[in-house]
Amino acid sequence: MRDSETTIVGLKRELKATRARARELRGQNEGWRRVAQTLRKLAGLDEARFKNLLSSESLPSE
C-alpha cells in the first residue's frame with residue numbers, strides 16, 4: 001500500500017470513530033435534557049424561569 005493510501009485509510013477510520021462518538025454524545029445530551037426537564041417540573045419552575053436559570057449557569061436552553 002502506498003503512503004497516501006495508508007493515510008486515506010487512517011483518515012476514514014478516524015472519521016468513523018469521530019462520528020460514532022458524536023452519536024454517543026448526542027444520546028447523552030438527550031438524556032440530560034430529559035433529566036433537566038424532569039427536575040424543572042419537580043421544582044415547579046415555568047419555562048421563563050428555567051431559561052433564566054440555564055443562562056445564569058451559561059448553559060444552552062435549546
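Residue numbers start at 1 and run along the sequence shown.
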Please give the remaining members of the hydrophobic cluster of Leu54, linking ILVMFWY side chains under 4.5 Å, ordered by chain and number.
Leu45, Phe50, Leu53, Leu59
Gap separating the CZ atom of Arg34 from the CG atom of Asn29, nearest 0.5 angstrom:
10.0 Å
Can you pull out every side-chain hydrogen bond (donor to acceptor under 3.5 Å, both in side chains) where at least one residue sits in residues 35-52? Sequence neighbours excluded, please.
Gln37-Arg40
Residue set satisfying side chain to side chain contact (heavy atoms under 4.5 Å, CB included) with Leu25, at least two apart, ordered chain then number -> Arg21, Gln28
The side chain to side chain contact (heavy atoms under 4.5 Å, CB included) partners of Arg23 (sequence neighbours excluded) come to Arg19, Ala20, Arg26
Spacing of CD1 belonging to Ile8 relative to CG belonging to Leu15, to within rounding of 0.5 Å
13.0 Å
List for me each residue that meets salt bridge (charged side-chain N to carboxylate O under 4.0 Å, His left out) alongside Glu57, sequence neighbours excluded, and say none if there are none.
none
